[in-house]
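These notes are about the structure you will find just below.
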Number of protein chains: 2
Amino acid sequence: MAKLQKSIQKKAALLKATLHLINNGGIQEASMAKIAKLAAVSPATIYLYFENKQDLINQLYLSVKEMYAKVAFENYESNNPVKKCFEQIWLNMARFKQDMPEESSFLSQCDNTPMIDEETREQGLVYLHPLFSLWERGQAEGIIKEISPYLLYAYTIYPTAFLMNMHARELFKVDNEVLHLAFQLAWDSIKV
Amino acid sequence: MAKLQKSIQKKAALLKATLHLINNGGIQEASMAKIAKLAAVSPATIYLYFENKQDLINQLYLSVKEMYAKVAFENYESNNPVKKCFEQIWLNMARFKQDMPEESSFLSQCDNTPMIDEETREQGLVYLHPLFSLWERGQAEGIIKEISPYLLYAYTIYPTAFLMNMHARELFKVDNEVLHLAFQLAWDSIKV
DNA sequence: CAAAAAAGAATGAACATTCACTATTATCTG
DNA sequence: CAGATAATAGTGAATGTTCATTCTTTTTTG
């Protein structure tokens with residue numbers, strides 16, 4: 001049992017090291033040797049937990065995406081009114097991006113880079129399913145515009161990635177006031 | 001003169017090759033050897049035109065950004081009404097992203113990756129200055145919300161990158177109808 | 001003590017960059 | 001304007017390093 005625990009810890013350390021390296025310097029700076037070193041492990045050990053580098057990155061992507069979804073749907077009461085529900089999810093997602101800047105910067109790197117297989121990407125999308133359902137409900141109730149979820153996503157969720165990116169680079173401070181302003185912009189753009 | 005012409009062509013070929021390789025496979029797939037091969041040139045020749053790989057990528061970034069700005073401000077009549085001006089620029093930018101998918105995908109890769117120096121990034125930002133001026137004018141006229149240009153950018157320009165990304169992956173077709181719908185969303189989110 | 005986990009050293013391939021050299025073009029001289 | 005010379009542009013092969021991955025050996029563990 002202690003053994004299993006240790007294994008889990010080691011795998012987590014490897015994922016964390018990879019996240020950190022990719023985040024500060026991109027994929028080019030994240031060599032297996034450096035990952036191993038940062039995780040205080042032999043390069044060979046990586047191959048006990050991951051098939052190869054691509055597998056390591058795919059698994060990292062999925063694990064971060066899962067974390068993201070977990071935060072996104074915290075305290076989500078699906079029988080609340082649509083706007084209330086959406087606000088909850090939106091603020092949760094923003095909070096994730098605020099509290100876990102490395103994870104969220106990694107995700108936006110993945111989204112704009114041929115780093116992740118299309119297949120793994122699709123798997124990651126599944127985590128967001130409750131949001132899509134909510135939008136459908138909003139559209140059925142005539143509260144949300146009858147447009148593609150891609151448009152809804154583009155104008156409500158995607159912009160926060162940009163804002164947090166600017167925040168991380170210290171070009172624009174995103175505090176709670178800005179956040180609530182941003183939600184207003186997001187909601188205004190998709191409400192009927 | 002013929003010599004200079006040839007040099008310019010060669011430099012352009014190198015930039016184009018780099019763009020293409022980074023675009024299909026990320027920076028990791030764009031080795032100097034591959035770039036040289038695709039540009040039909042010796043690896044050593046690259047170093048006649050560029051200091052090193054980072055310089056090559058920086059120059060590529062700036063040249064693409066310049067192209068982007070050139071298209072963005074085509075037919076821009078700065079004494080037209082604010083909304084008209086903005087629509088012109090917005091549609092120009094969208095057209096660039098539609099017509100030059102490689103260039104625009106490259107730019108969004110740069111924006112979310114530690115690929116480009118902060119300094120070069122700042123240089124690239126200068127190209128968009130007319131848009132920021134327009135926003136200021138709109139705010140002075142009480143037409144556009146009194147919020148940071150980062151928010152304005154996040155909710156009007158940034159989302160199109162996502163849409164075009166999805167379009168390129170054939171997950172969501174962005175035709176003229178969608179484009180005008182998207183502009184509506186963008187404008188609605190920032191207008192007073 | 002057997003089996004699993006981990007290590008370090010070793011592998012060939014690929015990397016960015018440089019080297020010594022050749023081909024091409026421009027400039028100068030009579 | 002012909003021929004020599006200088007300057008520039010371009011090259012393929014070589015450099016030392018780093019890469020992802022594997023091999024053999026050692027350590028840990030139930």
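Note on naming: letters A, B, ... go to the chains in the order of the sequence lines (proteins, then strands), and numbering restarts at 1 for each one.
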Verify, without hydrogens or angle tests, whether [X] (side chain) and [Y] (backbone) share a donor-acceptor contact under 3.5 angstrom.
X: Asp117(B); Y: Glu119(B); value: no
X: Lys53(B); Y: Ala30(B); value: yes
X: Trp90(B); Y: Thr156(B); value: yes

Interatomic distance, [X] [atom1] vs [N] [atom2] [rounded to whole Å]:
X: Phe50(A); N: dA5(C); atom1: CZ; atom2: P; value: 15 Å
X: Lys10(B); N: dT8(D); atom1: NZ; atom2: C1'; value: 12 Å
X: Asp55(B); N: dT17(C); atom1: CG; atom2: P; value: 10 Å
X: Ile46(B); N: dC15(C); atom1: CD1; atom2: P; value: 12 Å
X: Leu48(B); N: dA23(C); atom1: CG; atom2: P; value: 17 Å
X: Asn52(A); N: dA13(C); atom1: CG; atom2: C1'; value: 16 Å

Please pick, from [options], the nucleotide with the shortest atom-to-atom distance to any side-chain atom of [X].
X: Val41(A); options: dT21(D), dT17(C), dA7(C); answer: dA7(C)
X: Lys53(B); options: dC23(D), dA16(C), dG10(D); answer: dA16(C)
X: Ala44(B); options: dT21(D), dT18(C), dG10(D); answer: dT18(C)
X: Tyr47(A); options: dA7(C), dT17(C), dT22(D); answer: dT22(D)

Worksheet item: With a non-hydrogen cut-off below 4.0 angstrom, is Tyr49(A) in contact with a base, only sugar-phosphate, or nothing?
Response: sugar-phosphate
Discussion item. In the structure I gave you, are the side-chain heavy atoms of Tyr150(B) and Tyr158(B) within less than 4.5 Å of one another anywhere?
Written reply: no
Worksheet entry | Worked check of side-chain contact (heavy atoms from CB on, under 4.5 Å) between Arg121(B) and Arg169(A) | CA-CA 12 Å; Arg121(B) 216 168 232 147; Arg169(A) 287 199 204 132; 3.2 Å; yes
Worksheet item: With under 30° as parallel and over 60° as perpendicular, where do the rings of Phe183(A) and Trp187(A) fit, or are they tilted in between?
Response: parallel
Practice prompt. Decide yes or no, distance alone: a donor-acceptor N/O pair under 3.5 angstrom between the base of dG10(D) and the side-chain of Ser42(B).
Written response: no
Worksheet entry | Any residue of residues 20-37 of chain A with a heavy atom less than 4.0 Å from an atom of DNA chain C | none
Fill in: Salt bridge Glu141(B)-Arg137(B), side-chain N to carboxylate O under 4.0 Å
yes
